[in-house]
Amino acid sequence: MKVGIPAEIAQDELRVAATPKTVKRLQKQGFDVYIQHDAGIKANFSDKEFEEAGAKIVASAADIYRDSDIVLKVKEPTLEEVDLMHEGLVLLSHLWPDQNKELIQKLADKKVNAVAMDAIPRISRAQKMDVRSSMANIAGYRAVIEGSYHFGRFLNGQITAAGKVDPAKVLVIGAGVAGLAAIGAANSLGAIVRAFDTRKEVAEQIESMGASFLTVEIDEDGATSSGYSKEMSKEFIEAEMQLFLEQAKDVDIIITTALIPGRPAPKLILDYHVAAMKPGSVIIDLAASAGGNCTQTKNGEIVTTENGVIIVGKLDQLPNQASQLYGNNLCHLLDDMGKAENFKIDMNDDVISRSMVTFDGKVNWPPAPLQVSPTAGGGAATKPVLPTPEELKAQEAAIAKKKAVSTAIGLGVVGLLLFLIGKFAPQESNFLQHMTVFVLAVFVGWQLITNVTHALHTPLMSVTNAISGIIIVGGLLQTTNDASSPVTIIALVAILLASINIVGGFLVTHRMLKMFQK
């Protein structure tokens, strides 16, 4: 199968859907890779690098769309690009189906099977294909770097011979992937970091990253099953606006990341918030492309307000790094679709069915809700039935009875073996006495070890090594010059087994310690 990568025609799009590294990976998956001339030049990837990786350079986008079985893109195609596509083509790209309904319909009319990479469901299995997370991670990091640049001062506090420099104060609104990346970057640069999110569940994540979690005194949670925040009540928003006003007067940099898929970005930083900020303060609006979280944000521009606040509505995409991560996401998805040898579109797959926005000439959007919990009869999720205290006692009694029976049987077997050994063992030696002690020691040891919780097996290793050491000492005391003596033979076997246990214990311990070494 042929995979084609056209150049991105949007002037502000610097990324490319493949890199020399992902080209090699695509070839390992069995694909022949074709890439348009200078497709990677904006991301600092030359045609020569792609050729050395094994890709074939194609002159025009028309050739890519005409000859490829699968096309990988970053930005959604224009209507003119759709005209170049052929029936049955598989397109993997950002599509934003809620905002581009005309585009989606035209793709369906052309019978192009289009996967919206931005519609990959946020479930555990699909994390490796989640382009929104990989791109948001870059955006959050870059927001701190550009915020620091426009702020024009140290982020960390310093005491120098020339005087003291106070640390900068950074407020991050929204603790998703981008927000957490921003928190981590700002904290590592020494800033005092605060973060706000309507979802109470992220408080622990925020604090673990070194930031202070801000909240309002209203018991309302913005968490949803999709992983995004929901719209809050009027009372909550009023309290939220008051909190932002207090913070705007105090902080130096505000980074906003709030987005709800398919809707304009919520307005969080209003005119009076901006007016309250100190001259030289900075707002980095990561939601600029969706209208912005700040009322004064201009998408793709950097503006300075009358009171000297810098509002950044664009970021460097870090196209080289972003292209690599995006290319990895695409390769992971193609892995799940069977690679070249077994490639198929499985509409029963949760990931494919919810991101395949057009299939066989039909629009497949919006998708059916993703059922997170198991259901009974197609209805609501069933709750597990917990046993009553009486049932728990009955279960415990049954387990205790079963254990007592097995112990009695074991003792009976041991007693029978001792009787047979005593009947036929040499009478002139102390064999029966030693054998009795040995068997009882084995039985006691077995009961001791098997009744220890598995979580304690690791610290128990030192105890078992100590017991093995005692066994070796006892075995040495029992050995005699008569190599044919049963006592000597048993003692030698005990010494061998105990030695193996000790050596193995030390080896396992050594391997475990190496796991914690950097």
Side-chain angles (χ1 to χ4, degrees), residues 12 139-158 160 162-175 178-179 181-183 185-187 189-198 206 211-216 232 234 236-259 264-316:
D12 61 344
Y141 170 82
R142 187 65 189 183
V144 174
I145 301 302
E146 296 205 18
S148 175
Y149 168 75
H150 290 289
F151 182 53
R153 288 183 10 218
F154 294 140
L155 288 193
N156 64 321
Q158 293 190 14
T160 68
K164 178 183 176 183
V165 178
D166 293 325
K169 297 174 183 177
V170 177
L171 171 63
V172 179
I173 300 177
I183 291 169
N187 185 60
L189 289 174
I192 296 173
V193 188
R194 303 162 185 170
F196 173 86
D197 198 290
T198 58
I206 289 171
S212 300
F213 177 61
L214 304 179
T215 186
V216 297
M232 308 302 288
K234 180 181 178 181
F236 188 97
I237 293 174
E238 289 175 353
E240 183 182 52
M241 292 298 105
Q242 182 59 36
L243 173 65
F244 292 162
L245 179 59
E246 295 170 2
Q247 293 298 317
K249 296 175 182 178
D250 186 44
V251 300
D252 302 298
I253 300 173
I254 297 178
I255 299 172
T256 65
T257 70
L259 275 173
K267 299 301 180 185
L268 304 176
I269 305 299
L270 308 180
D271 291 347
Y272 65 89
H273 294 128
V274 178
M277 296 181 73
K278 296 171 288 189
S281 300
V282 182
I283 298 174
I284 308 292
D285 195 338
L286 296 184
S289 61
N293 296 136
C294 176
T295 54
Q296 299 184 36
T297 297
K298 293 184 179 180
N299 186 31
E301 298 183 28
I302 300 173
V303 298
T304 303
T305 65
E306 293 182 359
N307 63 323
V309 177
I310 301 169
I311 303 175
V312 180
K314 69 172 184 177
L315 289 178
D316 186 336

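Treat the numbers as computed from the prediction; the structure is a model and nothing was measured.
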Close side-chain approach of P266 to N293, heavy-atom, < 4.5 Å:
yes
V193 to N187 - nearest heavy-atom pair and separation
CG2-N, 3.7 Å
Once you round to the nearest 0.5 Å, how far does CD1 of I283 lie from CD1 of I253?
11.0 Å
Donor-acceptor contact below 3.5 Å, side chain D285 vs main chain T297
no
Of I183, L286, I173, the residue whose pairing with I255 passes side-chain contact (heavy atoms from CB on, under 4.5 Å)
L286
Sub-4.5 Å side-chain heavy-atom contact between M241 and H273:
yes
Taking everything shown except F213 itself, do over 12 heavy atoms lie less than 6.0 Å from its CZ?
yes
Between the side chain of D252 and the main-chain N/O of K169, is any donor-acceptor distance below 3.5 Å?
yes
Shortest non-hydrogen separation from A191 to V170 and the atoms involved
CB-CG2, 3.8 Å
What distance separates D271 CG from Q296 CD, expressed to the nearest 0.5 Å?
4.5 Å
Within-4.5 Å side-chain heavy-atom neighbours: L315 and I284:
yes
Heavy-atom closest contact (A182 atom, V144 atom, distance):
O-CG2, 3.2 Å
With rounding to the nearest 0.5 Å, note down the distance linking CG in D250 to CE in M277.
10.5 Å
Quick one: sort the F236 and F196 rings into parallel, tilted or perpendicular, breaks at 30° and 60°.
tilted
Should we say atom OH of Y272 is surrounded by more than 12 heavy atoms from elsewhere, each under 6.0 Å from it?
yes
Can you measure from CG (L270) to OG1 (T295) and round to the nearest 0.5 angstrom?
5.5 Å
Using a 6.0 Å cut-off, check whether atom NZ of K298 has over 12 heavy atoms from anything other than its own residue.
no
Looking at every heavy atom in both F244 and L268, which two are closest together, and how far apart are they?
CD1-O, 3.4 Å
Between F151 and A168 the two heavy atoms that sit nearest each other are CE2-CB, 3.8 Å
Rounded distance (nearest 0.5 Å) linking atom CD of E240 with atom OG1 of T198
7.0 Å
Which heavy atom in G190 sits nearest to a heavy atom in P167, and how many Å separate them?
O-CB, 3.8 Å
Measure the spacing between CG of L171 and OG1 of T256 and express it to the nearest 0.5 Å.
9.5 Å
